[in-house]
Colleague: 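I am attaching a structure below and will ask some questions about it afterwards.
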Protein chains: 2
Amino acid sequence: MAVTIKDVAKLANVAPSTVSRVIANNTRISEKTKRRVREAMEELGYHPNLNARSLANSSTKTLGLVMPSSAEKAFQNPFFPEVLRGISTKAHEEKYALLISTGVTEKEIYEAVVGMVQGRRVDGIVMLYSREDDQIIDYLLDVNFPFTVIGKPFQNEEQITYIDNDNYKAGKDATNYLLELGHERIGFIGGDISFMFTNDRLLGYKKALQQKGISLRSRYIVHEELTEEEMKKEIVYLMSLEDCPTALVVADDFVALKVLYILAELEISVPKAVSVISFNNLLLAEVSTPSLTSVDINIYKLGYEAADCLLKQLATSSKERKKITVEHQIIKRHSTDVR
Amino acid sequence: MAVTIKDVAKLANVAPSTVSRVIANNTRISEKTKRRVREAMEELGYHPNLNARSLANSSTKTLGLVMPSSAEKAFQNPFFPEVLRGISTKAHEEKYALLISTGVTEKEIYEAVVGMVQGRRVDGIVMLYSREDDQIIDYLLDVNFPFTVIGKPFQNEEQITYIDNDNYKAGKDATNYLLELGHERIGFIGGDISFMFTNDRLLGYKKALQQKGISLRSRYIVHEELTEEEMKKEIVYLMSLEDCPTALVVADDFVALKVLYILAELEISVPKAVSVISFNNLLLAEVSTPSLTSVDINIYKLGYEAADCLLKQLATSSKERKKITVEHQIIKRHSTDVR
DNA sequence: CTGAAAGCGCTAACAC
DNA sequence: GTGTTAGCGCTTTCAG
């Protein structure tokens with residue numbers, strides 16, 4: 001087998017426990033032996049066996065990540081690499097590793113999560129999404145396992161630490177921006193409503209209109225839950241109305257790209273005939289034609305903070321729940337214009 | 001602490017070793033005791049401690065994933081969720097978990113990888129990219145640790161198991177497609193040339209032109225290595241030439257989006273004035289305006305096969321290296337047209 | 001077919 | 001300051 005703590009101990013002429021203490025950088029070890037032990041480690045090319053360590057002190061120094069089912073198209077959204085980048089950066093700062101759940105169906109993922117929790121493979125979990133009726137959250141709550149959620153939970157909000165944007169306000173801000181540009185007939189093209197943020201943004205949209213005394217029309221609200229084709233039909237129909245919208249608030253940049261595509265087919269010019277604002281400010285918002293005015297929700301930071309929060313919770317083993325709101329900002333580009 | 005194998009043993013009135021055998025589904029255990037043990041496990045809600053297991057039999061049932069430095073923009077490419085999906089699916093089929101490397105600089109990642117290999121946290125590694133002068137590959141080769149690479153390695157090709165497209169052919173096919181449409185002045189907009197696939201596609205492009213007896217012009221080849229701004233200048237310059245290209249082969253869909261954007265600014269119509277073909281066939285190829293003719297390289301399959309190969313290698317502990325080529329296919333959309 | 005016991009490599013009392 | 005020792009929870013000979 002590989003070189004162990006015993007080999008190092010022998011070479012350095014100390015007890016294994018001393019080596020262990022040197023690794024932990026225990027203050028009660030003399031500098032001299034520390035040096036000697038370190039030299040021995042160096043010479044033998046020693047690396048600690050992390051499983052053994054985990055077993056002995058029941059701490060894994062790894063965080064579990066739960067992604068949505070890879071069967072879903074949500075998975076393909078460039079949102080994920082970006083949160084991952086945030087989480088990864090913070091995790092690395094604290095020398096934590098990242099274990100990700102596998103499984104394509106919801107049930108498989110659920111079981112994988114139970115496996116990693118009960119199997120003592122992770123110290124805490126970051127949920128990379130928040131959706132309705134999530135068994136995983138119920139489970140974690142039930143066994144009282146540390147976790148944070150990116151996005152606002154549907155249930156048990158008061159018991160859960162989560163990181164979110166103020167999506168309600170983001171929806172309002174986006175809509176207000178269009179209102180300020182002089183638009184009054186404003187439509188809303190939503191994403192999957194089983195995700196919490198879609199809901200919140202929709203509420204914000206409604207509120208903004210209401211505050212301006214503009215009455216809502218259910219016609220103006222289209223959800224993407226349906227198939228590609230159906231969404232397309234809905235939009236085509238929407239734009240064929242005599243009093244069709246002059247501006248659209250769209251759930252996210254990816255959906256916005258689809259919308260632009262459909263509008264181009266209909267030969268409706270953006271932003272001349274219709275303005276479009278969307279959310280997330282993915283890299284692609286910048287390079288779409290026209291470039292998208294988009295609400296930057298700071299995805300990287302969502303990830304970073306989610307990891308930070310969880311790590312702090314683990315360090316202090318506090319059970320206090322927290323809510324962190326990451327700021328957003330409208331990035332003005334060429335898909336919006338005055339009425 | 002949690003419920004262990006001993007608790008189960010006690011309840012089922014057997015020895016711990018018997019429980020262990022039941023978990024492993026050892027054939028020499030009678031069906032009767034198996035049932036009894038399983039009931040006990042059920043009743044107590046037993047879950048094996050995976051660290052203990054790993055320690056005892058030195059197998060972790062987890063694969064390590066190495067991503068490019070998250071400091072790089074390559075990281076944000078939607079390519080990654082999709083390979084991940086492939087890897088994850090295969091890994092799950094064999095009940096393997098996934099551990100991903102953290103770290104933002106190359107050096108940090110290198111150390112993280114060494115940590116997960118020496119720390120015995122993974123049984124094998126999938127490299128999610130292939131680039132020049134990669135120390136990680138050198139290291140893995142050096143310590144003789146099982147791994148597979150997505151993309152063709154720059155060095156030591158004969159010693160490495162890798163999964164790749166035939167990017168040379170893909171580049172040729174893409175170029176030939178444009179040639180068949182009657183184009184003759186064809187440009188190439190490359191991505192980061194430190195990635196192998198860029199290189200190969202470029203070679204294929206050159207070969208195709210050469211076979212048609214069309215002489216290469218260095219003017220027609222633009223690399224994206226530079227800043228956004230610089231690339232833009234280059235393209236603007238390219239298109240201002242009197243004999244500017246009537247078609248472009250572009251490194252990947254994401255870059256193609258940028259190209260479309262720049263062409264739109266220059267009021268050059270696609271595909272009327274210029275045809276554009278790109279690679280990867282990401283979801284966004286479909287929804288860009290115009291939709292992109294793109295070479296589908298089967299990203300999901302690249303991931304799936306990489307995991308499959310690695311897993312097979314682990315199962316048979318064969319040292320045989322293998323090269324797997326994933327087929328590609330041109331998906332015709334609206335960004336290309338006859339000359 | 002099942003049990004007893006050793007040991008995987010490390011940490012953490014407890015000694016001195 | 002450092003050594004001794006007893007586990008962490010599992011697997012795996014070796015007996016029987």
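The shown structure was predicted, so the numbers you read here are calculated from the model rather than taken from an experiment. Order of the sequence lines fixes the chain letters, A, B, ..., with proteins taken first and strands second; residue numbering starts at 1 for each chain.
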Colleague: Not counting sequence neighbours, list each pair that qualifies as a salt bridge (Lys or Arg N to Asp or Glu O under 4.0 Å) and has a residue in residues 125-136 of chain B.
Modeller: B:Glu72-B:Arg131, B:Arg131-B:Asp192
Colleague: Check nucleotides 1-3 of chain C against the protein and report each pair of N or O atoms closer than 3.5 Å, with its distance, or say if there are none.
Modeller:
residue: C:dT2; atom: OP1; partner: B:Ser30; partner atom: OG; Å: 3.4
residue: C:dT2; atom: OP1; partner: B:Thr33; partner atom: OG1; Å: 3.2
residue: C:dT2; atom: OP2; partner: B:Ser30; partner atom: N; Å: 3.0
residue: C:dT2; atom: OP2; partner: B:Thr33; partner atom: OG1; Å: 2.8
residue: C:dT2; atom: O4; partner: B:Arg28; partner atom: NH2; Å: 3.3
residue: C:dG3; atom: OP2; partner: B:Ala15; partner atom: N; Å: 2.9
residue: C:dG3; atom: OP2; partner: B:Thr18; partner atom: OG1; Å: 2.6
residue: C:dG3; atom: N7; partner: B:Arg21; partner atom: NH1; Å: 3.2
residue: C:dG3; atom: O6; partner: B:Arg21; partner atom: NH2; Å: 2.3

Colleague: Check side chain to side chain donor-acceptor pair (under 3.5 Å) between A:Glu82 and all other residues, then give those that pass, not counting sequence neighbours.
Modeller: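 Partners of A:Glu82 by the side chain to side chain donor-acceptor pair (under 3.5 Å) criterion, ordered by chain and then number, come out as A:Arg85.
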Colleague: Check side chain to side chain donor-acceptor pair (under 3.5 Å) between B:Lys301 and all other residues, then give those that pass, not counting sequence neighbours.
Modeller: B:Glu327
Colleague: Check side chain to side chain donor-acceptor pair (under 3.5 Å) between B:Asn77 and all other residues, then give those that pass, not counting sequence neighbours.
Modeller: B:Asp252
Colleague: Are the side chain of B:Asp123 and the backbone of B:Ser59 linked by a donor-acceptor contact shorter than 3.5 Å?
Modeller: no
Colleague: Please enumerate all residues that pass side chain to side chain donor-acceptor pair (under 3.5 Å) together with A:Ser30, with sequence neighbours excluded.
Modeller: A:Thr33
Colleague: Would you mind listing every salt bridge (Lys or Arg N to Asp or Glu O under 4.0 Å) that reaches into residues 35-53 of chain B, with sequence neighbours excluded?
Modeller: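 Found none.
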Colleague: Between the two end axes of the helix from C:dC1-D:dG16 to C:dC16-D:dG1, each built from 5 base pairs, what angle do you get to the nearest 10°?
Modeller: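 Inter-axis angle at the ends, rounded: 40°.
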Colleague: Among residues 37-48 of chain A, which residues get a heavy atom nearer than 4.0 Å to DNA chain C?
Modeller: A:Tyr46, A:Pro48
Colleague: Please, which pairs that meet side-chain hydrogen bond (donor to acceptor under 3.5 Å, both in side chains) have at least one residue in residues 136-145 of chain A, sequence neighbours excluded?
Modeller: A:Gln118-A:Tyr139
Colleague: Under 3.5 Å, which donor-acceptor pairs do the side chains of residues 12-23 of chain B form with other protein atoms, sequence neighbours left out?
Modeller:
none

Colleague: Enumerate the residue pairs fulfilling salt bridge (Lys or Arg N to Asp or Glu O under 4.0 Å) with a member in residues 148-159 of chain A, sequence neighbours excluded, ordered by first and then second residue.
Modeller: A:Lys152-A:Asp200
Colleague: How many whole angstroms separate atom CG of B:Leu50 from atom P of D:dC8?
Modeller: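 After rounding, the gap between these two atoms is 18 Å.
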Colleague: Roughly how many Å is it from CG in B:Asn51 to C1' in D:dC8, rounded to a whole number?
Modeller: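 Distance, rounded to whole Å: 10 Å.
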